[in-house]
Engineer: 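One structure, pasted below without further comment.
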Amino acid sequence: MRKIHKLSLAALLLYGLNVSAQQSTIYTHELKDFEKGVDLYNQKQYQAAQILFEKAKKENSEMEVQADCAYYIANCAIRLNQMNADVLMEDFVEDYPTSTKRNQAYSEVASYYFEQGKYAQALKWYDKVDAGSMTNAERERYNFQKGYGYFNSGDKKQAEKYLNKVVNSKEYGSQAKYYLGYIAYDSDDYTEANQYFEQVEDNDRYKEDMSYFQADMNFKLGNFQKAIDLGLEQLPKSNAIEKSELNKIIGESYFNLKQYDKAIPYLTEYRGKKGRWNNTDFYQLGYAYYKQGDYEKAIAEFNKIVNGNDAVAQNAYYHLGESYLKTGKKQQALNAFKNASEMNFDAKIQEDAYLNYAKLSYEIGNPYQSVPEVLNSFLDRYPDSPFRQELQNLLISSYITSKNYKEALSLLEKNKSPENREAYQKVAFYRGMELYTDGDYQAALNLFKKSIAEQRNPRFTARATFWKGETEYVLSQFNEALLSFKQFLQFNEAKTTPEYDNINYNLAYTYFKLKNYDQASQNFKTYVESGKADQIRLNDAYLRLGDSYFVSGKYWPAMEAYNEAIAMNGIDADYALFQKAISYGFVARNERKIEDLEQFIQSYPKSKFADDALYELGNTYVTENNTAKALQAYDRLIDNYKNSSYVSKAIMRQALIYYNAQQDDKALTKFKKVVAEFPNTPEAMEAVSTARLIYVDNGRTDEYAAWVKTLSFVDVSDADLDNTAFESAEKQYMQNNTKQAIASLNSYIAKFPNGISALKAHFYLAQAYFADDLPNNAVSHYEYVISKPRNEFTEQALARLSQIHLKNKDCAKATPVLKRLETEAEFPQNVTFAQSNLMKCYYDEKDYANAVVYADKVMANSKTEDRIKSDAQIIIARSAIKTDNEEKAKQAYAKLLTIAKGELAAEALYYDAYFKNKEGKYEASNEAVQKLSKDYSGYKYFGAKALVIMAKNFYGLKDSFQATYILENVIKNFTAYPDVVEEAQKELDAIKAQEAKRNSSVQN
C-alpha cells in the first residue's frame, strides 16, 4: 500500500516565538535603537531589526546589552537565511557563555528551522538544547518537534521515543498518537496502529487518511468485510492513486471472501504499482473469472503471467490448464499443465497438474517427449496415486497409439515386466513395419522375429509371421519366405488379419522365384478366383499366372490368363499381348502369332517390347519361309530401334537369310556390318565364322585372311585355346563357385584380352565380384561391358554399375550411367530406377531444375509405386522451397500428404502447418501440428520445427503464454537441432520485447 503523505507544518499547533521586550532598569533612553529593533523583530522585519541591533551593539558598552544584540543579530541572520547565520549563533554562545538567552537561542533556532520544514537542521539545533531548563510548555513543544523531525527523517525508534513523551499532551497528544499509529502501521503492527488511530478517529483532521489506513490494516489482519466497508466509505473521497489502491483492497477482500462476482469490478479498476500489474494481480482477476465460469477472460488474465516461478504462478498455470480444458483447447491445456507440473511450490497442485498432463499426452499426443515416457514418469513419481491402475492401462495402450515405436521399443526393452510383454510384441511388429517401409529390411526382419517370439497375441504373431516372410522374400531368401507364408496359414487368426487377402498372391510369387511353376500357377489361380478388389494386384496376378503356365509349357492356359490381363487394360497390357502372341508360336499357330505381333507393333510402337515383337515377327516369317516379310520386319527393327540389343541379331538373321538363299555378296555385306558395328560380341564371332564358309566356298581365302587380320578381337590360331579357357571359367561361374570363378575369369581375360568370349567374361567377372560383396572390383568390368556396342549384357551392366556408384554416394559417376540406363533399358523397372535416382542425384547436386524434370517423369509413370512417388513428390516440394517457389511447394506437399508415410509424412505435415500459418489460418495450422505430434512423434526434427510454428500461431491468436512457453521448451528440449533452437530464440526475443511494451502500460 502507499505511504502516508506527511502533514505540513502549517497544520501543526505550535507555539510562536514571544520575544520578551522587558528592559533592564539600567536601560536608559540611549537604548532606543535596541528597543526599536526588538519591536521590528517581533513584527518579523528582520533586516531592519538586524541593522538597529548592530548599531546598538556598537553604541553601548554594557555586556548584557551587547549579548542581547548579538543574540538578536544571529536570530535575524537565521531568519534571513544568511550564509553565516549558524556561525553568528555559535559566536554568540562562545562570546557570551553566561547569557540567559543561550538555551533559548538553541530552541528558537530549532523551532524556526522546524517551521521551515528543514527538519535535519532543526534536529541539529535541538541536540544542543538543555531540555531540563525549559518550562513544561517549552518541553512539550521540544519533544513533539524533535519526535516529528525523527519521524520525517525515517528514524522510527527515536521518533517513538519523543512522541511518546507528549502522547498525553493536550496540545500535541492527538498529533503524536496519529504519527505513532502510522509508525505502527508502517511496521505492520496493525493492532497497535488501530489502538492509536481509534483514539483520534473523531478528529476530522486525521479521519480521511485514517480511513484508508484502517481499510488496509483490516485487510491485512484478515478482517475483510470491515476492510470492504471502510474502503467503500473512503473511495469517493480519494484521489486517483488512493482510488486504485482502495479498489485493490476491496477487490482482494471480496476475493478472499470468495465473493468473486463482487471482486471482479474492483480488481479491474486497480491500476497497479507504477502502472504495472504483478503476477498475483493477474492471477486473482483470472481466478475470479474462472470461478464465475468466464473461462475465456480467465485465460486472458492467466496468460499475462509470463516468466512466473512461484506458488502464485503454479496455481495460475494449473487453473489456466483447467480453463483451456473447459473451452476444448487441449493442446493449450497440455502446455499449461506441463508448466504447473514442473513447479514444486504446492505438491498437490503439482501432482494434479502432472496427472492432467499425462492424460492429455495420451489423448492428443505430446510434442516434447514420448507419451509412454510421460506416463512412466508419472507412475515412477507417484507410485501410490489412486489413478495408478488407470495410468497403467493408458501406458500399455500408449505404446501403440503414440506411434513413436522407436522410442517405445527402447522403453519397453528397459521394462520387461509381464504386463508389458503384449505391448512389446505389438510395438516390435509396428516398428518392424516402419523399418520395412524405410527399406531397412534386415532390421525389420529382426524385429518381426522378436514379435513372433513373444507369442502373447496370436493375431500379431500371425501378422508378424506374414511380414517376416515378406521381408525374407525382399532379401531373396525365398525358401525361408515360403516357410513363413505356410506358417502364417496355419494360424487360426490368419483369416482375421488384413494380410490374409494377399497370402496366395505372396505364396505364388515365392514359388515363382523358386521356379516351382506348378505351385505358383495354382496359387495365382486361387488368388484371381477369390474376386479381390485390388485391381493392380489382380492385373499383376493374371500376368504372372500366364507366365507360370508359359514357362511350364501350358500355352493355352497361359493365353487365357494373358487375355484376362489384356481385358483389364491395366499395367503391362502390352506385355500380356506380346506373350500371348509368342504363345501361339508354341502351339503351331504361326498365322495367329503373326497377326497378334502385327497388332502389337501397331498398338504399342513405343513399348519396351516393340523391338522384341519385330524380332519375333521376322523369325516367324523365316519359319513360314516368307523371307521377304522377314527382311522387312528386321529392317523396321534396325531402323526404328537403333539401341535395341536385337539389332545385331536382326542383321545377323538377314545375313543368314541371304546366305541360305545363296546371295553371298549380300550375306557378306550383312556379316561385315555385324562385325564392324558389334565387335567382340557372340554375333560378331558367328558372323566371322559364317563369312569364312562363303570365302572358302568361293575360293577367296586370301581375301578372308586379309579381312580377319584387320579384326583385333579374332585370333584364329588361338580359337581352340580361347574356347577351352573360357568354358572352364564359365563352368565355375554357372555352378556358383564364386571364388574359383573370379580366379578363372581373371586368368582368361589376362590370356585373351580380346578373346572370343571377352565380353561375356568381363560381365561374368563383374557379377561374381558383386555377388562376393566386392562391388568396387566389379566397376571396371561393368565399364568394359557398357563400352561395347549394345549387347545382351548392356542393360544389366548399366543397372549394376549405377547401383555401385549410388551406394558410394558418387552421383557424378552415377549420373551418366543412369542416363544411359534410362534410354537403353528394356525393362520398365530399370527405367523407373534410373529416373528416380537421377532425380535424387540432381537434387543432391543442387540442380533443382533437372531434379524436378525427373521427379515429374517419375510421377507420370503409372507403374511407379507409392514409395517412389513419395520420393518424387518430396523432391518437387523441396526444390520449390529451395528456389523460393512457395506456391509450387505448397501444392507438392499437399499431394505428398496423400501418399507419404513415416518421415516424409511428418515433413509434409510440417509444411501444411507452415503454409497455413503464413495464410493466417492459425487454428488450422495448429491442427496440423497436433496431428504431426500425435501420429509422427518419432520424427523429432520436424516435431521441433512444427512447435515453433505452433508458437507463432498462438501469438497470432494473442495467447502470449502459450507462445513463450512452447518456445522456451523448444530451446530447452531440442538442443540437438541448433537451427531450430536459433529460430525459436529469435521468435521468443521478439515476443518478449513486444510483451514488455504492452505490460508497461496501465493494465485493465
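Since the model is a prediction, treat every value here as computed from it, not as a measurement.
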Engineer: Do the side-chain N and O atoms of E907 and Y893 include a donor-acceptor pair separated by under 3.5 angstrom?
Structural biologist: yes
Engineer: Specify whether F609 and F578 have parallel, tilted or perpendicular ring planes, treating 30° as the upper limit for parallel and 60° as the lower limit for perpendicular.
Structural biologist: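 Rings of F609 and F578: parallel, as their planes differ by under 30°.
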Engineer: Hydrogens and angles aside, do Y748 and E730 bring a side-chain donor and acceptor to less than 3.5 Å of each other?
Structural biologist: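 Note: Y748 and E730 side chains miss the donor-acceptor criterion.
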Engineer: For Y424, is the NZ or CZ atom of K426 found under 6.0 angstrom from the centre of its six-membered ring and inside 45 degrees of the ring axis?
Structural biologist: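 Output no; distance or angle outside limits.
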Engineer: Assess the side chains of N737 and Q732: does a donor N or O sit below 3.5 Å from an acceptor N or O?
Structural biologist: yes
Engineer: By the definition ring-ring contact (aromatic ring centres under 6.0 Å, His included), identify the one residue from F550, Y473, Y517 that meets it with F512.
Structural biologist: Y517
Engineer: Is it true that N523 and T526 share a donor-acceptor pair across their side chains at a distance under 3.5 Å?
Structural biologist: no
Engineer: Do the side chains of E598 and K593 get close enough for a salt bridge, i.e. N-O under 4.0 angstrom?
Structural biologist: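 Result for this pair is no, no salt bridge flagged.
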Engineer: Classify the side-chain pair Y769/N746 by whether it contains a donor and acceptor separated by less than 3.5 Å.
Structural biologist: yes
Engineer: Decide whether Q425 and N457 meet the rule of one side-chain donor and one side-chain acceptor closer than 3.5 Å.
Structural biologist: no
Engineer: Distance alone, cut at 3.5 Å: any donor-acceptor contact between the side chains of N808 and N776?
Structural biologist: yes
Engineer: Check K495 with D501, please: is the shortest side-chain N to carboxylate O separation under 4.0 Å?
Structural biologist: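 Salt bridge absent between D501 and K495.
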Engineer: Do the numbers put R800 on top of the ring of Y782, so that NZ or CZ is under 6.0 Å from the six-membered ring centre and no more than 45° off the axis?
Structural biologist: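 Output no; distance or angle outside limits.
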Engineer: Does NZ in K608 sit with more than 12 non-hydrogen atoms of other residues, nucleotides or ligands closer than 6.0 Å?
Structural biologist: yes
Engineer: Please confirm whether R537 makes a cation-pi placement over Y505, using NZ or CZ under 6.0 Å from the six-membered ring centre and within 45° of the ring normal.
Structural biologist: yes
Engineer: Taking atom types as modelled, is there a side-chain donor on Y527 or N506 under 3.5 Å from an acceptor on the other?
Structural biologist: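 Their side chains do not contain a donor-acceptor pair, so the 3.5 Å distance test is not met.
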Engineer: Distance alone, cut at 3.5 Å: any donor-acceptor contact between the side chains of K901 and T437?
Structural biologist: no
Engineer: Parallel, tilted or perpendicular: which one describes the rings of Y555 and F586, with boundaries at 30° and 60°?
Structural biologist: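 Judged by the thresholds at 30° and 60°, the geometry between Y555 and F586 is parallel.
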Engineer: Before we go on, tell me: are the rings of F942 and Y936 under 6.0 Å apart, centre to centre?
Structural biologist: no
Engineer: Between the side chains of Y509 and D540, is a donor N or O closer than 3.5 angstrom to an acceptor N or O?
Structural biologist: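 There is such a pair (donor and acceptor under 3.5 Å, judged by atom type) between the side chains of Y509 and D540.
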Engineer: Would you kindly say whether Y562 and Q579 are connected by a side-chain donor-acceptor distance under 3.5 Å?
Structural biologist: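 Yes, a side-chain donor-acceptor pair sits under 3.5 Å.
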Engineer: Do Y646 and D612 get their side chains close enough for a donor-acceptor pair, meaning under 3.5 Å?
Structural biologist: yes
Engineer: Any luck finding a side-chain donor-acceptor pair between S645 and E795 under 3.5 Å?
Structural biologist: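 No, E795 and S645 have no side-chain donor paired with an acceptor closer than 3.5 Å.
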Engineer: Does the plane of the ring in F763 sit parallel, tilted or perpendicular to the ring in F793? Use 30° and 60° as the thresholds.
Structural biologist: parallel
Engineer: Search all heavy atoms of A408 against all heavy atoms of V427 and return the closest pair with its distance.
Structural biologist: CB-CG1, 4.0 Å
Engineer: Once you measure the plane-to-plane angle for Y430 and Y405, does it fall in the parallel (<30°), tilted (30-60°) or perpendicular (>60°) bin?
Structural biologist: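 Judged by the thresholds at 30° and 60°, the geometry between Y430 and Y405 is parallel.
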Engineer: What's the separation between atom CG in L818 and atom CG in N837, rounded to the nearest 0.5 Å?
Structural biologist: 5.5 Å
